[in-house]
Amino acid sequence: MWTACLCLSCRRLSVQRLRTLQQKKEAQAKASRRDIATLIERGKIETARLKVETIINEDIHVELLELMELYCELLLARFGLLDQNTREPDPGVIEGVSCIIHAAPRTELKELHILRDILMHKYGREFSLAVMENKDGCVSKRVISKLSVETPPPALVDAYLREIAKAYGVPWSIPGEPDSLQSAEIEEEPNDVEKPEDTKEMGTQATSVTAPAPSPSPAPVEDEFELLAKRFAQLKKR
């Protein structure tokens with residue numbers, strides 16, 4: 001039976017419990033990220049990937065809880081539209097009612113389940129079945145996307161690993177991408193290290209606009225290279 005006071009209390013309790021649950025899951029995710037950073041540091045990348053997949057699914061579930069909280073607050077703000085004696089929800093609350101009826105079973109909140117039962121009792125079996133089957137796309141696409149169970153794509157897992165490693169100062173780069181750590185080491189090369197004379201001359205020749213100066217005498221390294229090339233050519237003739 002529809003009771004306005006019971007419905008209001010269930011929605012208020014649902015909002016409070018949703019916020020508490022989100023905070024709890026965020027704290028758990030923070031601890032898991034710290035563990036993943038330790039695994040990356042120890043070189044256990046495959047184990048870290050599995051844990052990252054769990055974190056991604058938990059993040060998606062937290063986003064679902066945030067949407068449920070938003071819809072509960074919407075129904076609280078528009079309770080006058082919800083308390084009308086109609087067999088179908090008012091257009092101003094139909095999205096919130098549909099999403100709660102459809103998605104509440106995928107959450108672990110008893111208060112949200114009770115609110116769902118109250119809404120289903122108010123609007124009847126036919127409307128409730130249509131919402132549960134998502135006929136005519138009555139449930140928000142955002143909610144549907146949070147309910148889909150899929151393995152996270154490797155690119156997303158790599159992005160999570162990279163951000164976690166960066167946040168905890170662990171050196172790691174995505175396989176196949178340019179090694180940013182090597183480029184950083186090159187940039188941090190000490191200035192007091194003298195470069196070879198031939199490298200300096202090549203740099204000045206590349207940037208010079210005037211005619212090139214007479215080529216210097218071959219360095220000993222170049223002579224040795226020519227000798228090796230001649231020996232290799234002779235070996236090929238045999």
Side-chain angles (χ1 to χ4, degrees), residues 1-39 47-83 89-90 92-123 128 131-132 134 138-152 156-157 159-161 163-168:
M1 182 178 179
W2 169 257
T3 305
C5 294
L6 178 61
C7 187
L8 278 172
S9 61
C10 281
R11 265 171 291 182
R12 291 194 179 99
L13 287 172
S14 297
V15 170
Q16 294 174 3
R17 290 278 290 115
L18 283 165
R19 290 175 182 172
T20 303
L21 186 58
Q22 289 172 47
Q23 293 172 359
K24 179 182 177 181
K25 288 187 174 295
E26 287 171 0
Q28 292 173 348
K30 186 176 180 180
S32 298
R33 290 186 178 95
R34 191 180 300 109
D35 293 340
I36 290 171
T38 303
L39 290 172
T47 305
R49 284 181 179 278
L50 294 175
K51 286 185 173 293
V52 164
E53 290 183 5
T54 302
I55 284 183
I56 292 173
N57 292 329
E58 285 295 324
D59 286 349
I60 294 174
H61 187 66
V62 169
E63 291 174 2
L64 174 65
L65 296 178
E66 291 174 354
L67 289 173
M68 292 294 99
E69 179 187 350
L70 177 65
Y71 287 126
C72 286
E73 291 180 345
L74 174 69
L75 296 185
L76 278 172
R78 300 178 181 178
F79 183 74
L81 298 176
L82 191 66
D83 197 27
D90 185 272
V93 295
I94 189 169
E95 181 178 347
V97 171
S98 300
C99 290
I100 290 174
I101 291 176
H102 186 86
R106 298 288 293 274
T107 68
E108 55 269 51
L109 292 177
K110 181 179 69 175
E111 292 82 3
L112 199 61
H113 294 175
I114 295 174
L115 176 60
R116 175 180 183 265
D117 293 340
I118 293 173
L119 294 174
M120 291 176 65
H121 180 78
K122 175 174 175 59
Y123 294 110
S128 300
V131 170
M132 286 187 284
N134 194 22
C138 56
V139 181
S140 170
K141 292 181 179 180
R142 294 175 61 192
V143 172
I144 296 297
S145 65
K146 308 305 177 188
L147 294 174
S148 61
V149 180
E150 297 177 354
T151 302
L156 182 59
V157 175
Y160 264 69
L161 284 171
E163 292 302 319
I164 291 172
K166 181 180 177 182
Y168 288 92

Could you go through Gln22 and Glu69, starting from their C-alpha distance and side-chain angles, then the distance that decides it, and tell me whether this counts as side-chain hydrogen bond (donor to acceptor under 3.5 Å, both in side chains)?
CA-CA 10 Å; Gln22 289 172 47; Glu69 179 187 350; 2.9 Å; yes
Rounded distance (nearest 0.5 Å) linking atom CG of Leu64 with atom CD1 of Ile60:
10.0 Å
Taking all non-hydrogen atoms of both residues, which atom of Gly92 and which atom of Leu81 are closest, and how far apart?
CA-CD1, 4.2 Å
When you compare the side chain of Lys51 with that of Ser32, does any pair of heavy atoms fall below 4.5 Å?
no
Using modelled atom types and a 3.5 Å cut-off, is there a donor and acceptor pairing between side-chain atoms of Thr38 and backbone atoms of Arg34?
yes
Decide side-chain hydrogen bond (donor to acceptor under 3.5 Å, both in side chains) for Glu108 and His61; before the verdict, give the C-alpha distance in whole Å, the side-chain angles of both, and the deciding distance to 0.1 Å.
CA-CA 11 Å; Glu108 55 269 51; His61 187 66; 3.1 Å; yes
Can you measure from CZ (Arg142) to CD (Glu66) and round to the nearest 0.5 angstrom?
9.5 Å
Heavy-atom closest pair (Cys99 atom, Met68 atom, distance to 0.1 Å) is O-CE, 3.8 Å
So, Arg106 side chain and Leu147 main chain: donor-acceptor pair closer than 3.5 Å or not?
yes
Here the pair of heavy atoms bringing Cys72 nearest to Leu115 is SG-CD2, 4.0 Å
Are the side chains of Met132 and Met120 in touch, meaning some heavy atoms are under 4.5 Å apart?
yes
Any side-chain heavy-atom pair of Glu111 and Cys10 under 4.5 Å
no
Which value, rounded to the nearest 0.5 Å, describes the distance between Leu119 atom CG and Ser128 atom OG?
8.5 Å
Are any non-hydrogen side-chain atoms of Cys138 and Ile94 less than 4.5 angstrom apart?
no
Contacts of Tyr123 that satisfy side chain to side chain donor-acceptor pair (under 3.5 Å) - sequence neighbours left out:
none
Test your reading of the model: is there a side-chain donor-acceptor pair from Asn134 to the backbone of Val139, 3.5 Å cut-off?
yes
Which atom pair, heavy atoms only, marks the closest approach of His113 to Thr107?
NE2-O, 3.0 Å
Are any non-hydrogen side-chain atoms of Leu82 and Asp90 less than 4.5 angstrom apart?
no
State which residues pass side chain to side chain donor-acceptor pair (under 3.5 Å) with Lys146; sequence neighbours excluded, sorted by chain then number.
Glu63
Just wondering, more than 12 heavy atoms not from Lys25 lying within 6.0 Å of its NZ?
yes
I need the Asp35 CG to Thr47 OG1 distance, nearest 0.5 Å.
12.0 Å
Show, in sequence, the C-alpha distance, side-chain angles and deciding distance for Asp59 and Arg33, and conclude whether the salt bridge (Lys or Arg N to Asp or Glu O under 4.0 Å) test is met.
CA-CA 12 Å; Asp59 286 349; Arg33 290 186 178 95; 3.4 Å; yes
Taking every heavy atom of Ser14 against every heavy atom of Leu109, the minimum-distance pair comes out as O-CD1, 4.5 Å
Within the distance-only criterion (no hydrogens, no angle test), does the side chain of Arg116 pair as donor or acceptor with the backbone N or O of Ile101 below 3.5 angstrom?
yes
Rounded to the nearest 0.5 Å, what separation is found between the CG atom of Leu156 and the CD1 atom of Ile56?
4.0 Å
Keeping the roles fixed (side chain from Arg11, backbone from Leu75), state whether a donor-acceptor pair exists under 3.5 Å.
yes
Closest contact, heavy atoms only, Ile55 versus Ala29
CD1-O, 4.2 Å
Out of curiosity, Leu65 CG to Glu26 CD, how far, rounded to the nearest 0.5 Å?
10.0 Å
Just by distance, do the side chain of His102 and the backbone of Ile144 share a donor-acceptor pair under 3.5 Å?
no
Under 3.5 Å: donor-acceptor pair, side chain of Ser148, backbone of Ser145:
yes
With Tyr71, the side-chain contact (heavy atoms from CB on, under 4.5 Å) member among Val93, Val97, Ile100, Val15:
Ile100
Taking the side chain as C-beta and beyond, is there a heavy-atom pair between Tyr160 and Glu53 under 4.5 Å?
no
Among all residues two or more places apart in sequence or in another chain, which pass the side chain to side chain contact (heavy atoms under 4.5 Å, CB included) test with Leu70?
none
